[in-house]
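Take a look at the structure set out below.
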Amino acid sequence: MNPSAYQQSLEAAFDGVHFTDELRRDFFSCWSAFEFPRTHLITEAERTERYLYFVVEGVQALYLIDQKGEKIVLGFTFQNELSGVYDSFLLQQPAQFFLEALTPSRLLGLPFKDHQRLFDQYPSFNIWGRRFAERVLIGRTKREVELLTLTAEERYIRFMRRCPPELLQIPQKYLAAYLNMTPETFSRLRRKVRY
Amino acid sequence: MAQLKLSPEDQLRRLNALVNEFDNFQSLPTEVLTRRPAPGKWSAIEVAAHLNAIYDIYRDRITATLEKLPEGEWEKDHFPARWWPALFIKMMRPQGTKRNWKMKTMKRFEPGVEAESAARTDVEEVFQTFFENHEHLRQAILASRKKKVRGAKLISSIGPIVQFYLPEAVDFLLVHEERHLVQAQEVLEQVVTVEVE
């Protein structure tokens, strides 16, 4: 898997970066390719995230284990998106979360040192960095409001309306955990509710 | 008694957290790691050596059990520990920084390092074994995610009176280590306080 084969989609994920020939050569040489089978733990809780990932193929879940040992799903990543346990990556400290491949996954990984160097060496990375941080903040706020204000049925309808088709292939228990409901409630809503 | 639910992800999280704590201890000076807080009490490095002695009992039993287990999906969500193993796991688990049910260590599980005369190389050897053991256990937990874990049992360090399924054995080891982590932290606090005074 050659990173430059994904030039268009990888550059699109870094919107705002002004790609010159020199930057392109440097940027694409930084990425390593990974293939993970279904259920593989790409990153484990309490280990430090080494890469910022770009998803070439597959669906991944980001989750933590609460005090009762239950999975709390924070989100999913899929094709052409950036992935990884980003706070652990930025802080280079042990992660709170697991990143698991829910379907066979092919990822490209950018190491922390190169990530930092690209920001220092090429100022236009700061434009992407700002836009990426804004998107993450807006997304997290929206999700928090949905979790705090909507009923289980309303959360289900909102989610199913915006859900990409590949997410419907993953085990329902992950979708239920993401929507903060039991798998039984999710299954009942799936049978009963039109969206 | 509430059912004890076990999962490999929870066990990995706790195992990795333990490794991080002991990794932090490595940077402490030898004289701090080997100092006993009182005569007859263990130093921090003796605590780690005791955990190595316990794992010596389990290493081959875990490997052999994994080989016997058929491939397959892990339990639906959690593995419910049976009441008898769960009783030992709960007895061993520290309640915050409180360690209930204190007991005398059997001779075969004693640390085996001469605490106060230990050199840096002895200390490093204990840590190296500790991290190798924990990588073995980590790989075993990862492998168990693709096994039918009710396929075989292993005899505990207590003896045949307590036999564990693999997730029960891993949890027993982890709560035992969590208990001794509390002890090691207390010891280090005490010996560093003495040094400052």
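We name chains A, B, ... by the order of the sequence lines, and we start the count at 1 in each one. All values below come from the heavy atoms of this structure, side chains included, with hydrogens, waters and symmetry mates left out.
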- request: Let me know if A/L64 has heavy atoms under 4.5 Å from chain B in its side chain, its backbone, both or neither.
  value: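 Looking at A/L64, nothing touches chain B.
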
field: Distance-minimising heavy-atom pair for B/E9 and A/Y63
entry: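 Distance-wise, the nearest heavy atoms are CG-OH, 3.4 Å.
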
- request: Could you pull out all residues at least two apart from A/Y51 that satisfy ring-ring contact (aromatic ring centres under 6.0 Å, His included)?
  value: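 Per chain and number, A/Y51 pairs via ring-ring contact (aromatic ring centres under 6.0 Å, His included) with A/F34, A/Y53.
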
Check whether more than 12 heavy atoms from other residues, nucleotides or ligands sit under 6.0 Å from atom [atom1] of [X], and answer yes or no.
{"X": "A/R143", "atom1": "CZ", "value": "yes"}
{"X": "B/E125", "atom1": "CD", "value": "no"}
{"X": "A/Q8", "atom1": "CD", "value": "no"}
{"X": "B/I161", "atom1": "CD1", "value": "no"}
{"X": "B/N24", "atom1": "CG", "value": "yes"}
{"X": "A/H18", "atom1": "NE2", "value": "no"}

task: Look at B/R14 together with A/E46 and state whether they make a salt bridge at an N to O cut-off of under 4.0 Å.
output: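 Not counted as a salt bridge, because no side-chain N and carboxylate O are separated by less than 4.0 Å.
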
message: Less than 4.0 angstrom from a charged side-chain N to a carboxylate O is my criterion; do A/R38 and B/E73 meet it?
response: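 A salt bridge links A/R38 with B/E73.
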
query: Atom OG in B/S7, atom NZ in A/K71: separation rounded to 0.5 Å?
result: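 These two atoms lie 7.0 Å from each other.
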
message: Using only atom types and a distance under 3.5 Å, with no angle test, would you say the side chain of B/N16 pairs donor to acceptor with the backbone of A/A45?
response: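 Judged by distance alone, yes, a pair lies under 3.5 Å.
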
- prompt: Any sub-3.5 Å donor-acceptor pair from B/H78's side-chain atoms to A/G69's backbone N or O?
  reply: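 It does hold such a pair.
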
message: Does any backbone or side-chain atom of B/L15 lie under 4.5 Å from a heavy atom of chain A? Answer side chain, backbone, both or neither.
response: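 No part of B/L15 comes within 4.5 Å of chain A.
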
- request: Flag the pair A/Q96 / B/R13 as yes when at least one side-chain heavy-atom distance between them is below 4.5 Å, and no otherwise.
  value: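 A/Q96 does not reach B/R13 side chain to side chain.
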
- prompt: Should A/K68 and B/K5 be marked as a side-chain contact (heavy atoms from CB on, under 4.5 Å) after you check the CA-CA gap, both sets of side-chain angles, and the distance that decides it?
  reply: CA-CA 8 Å; A/K68 293 179 199 159; B/K5 296 172 173 178; over 6 Å; no

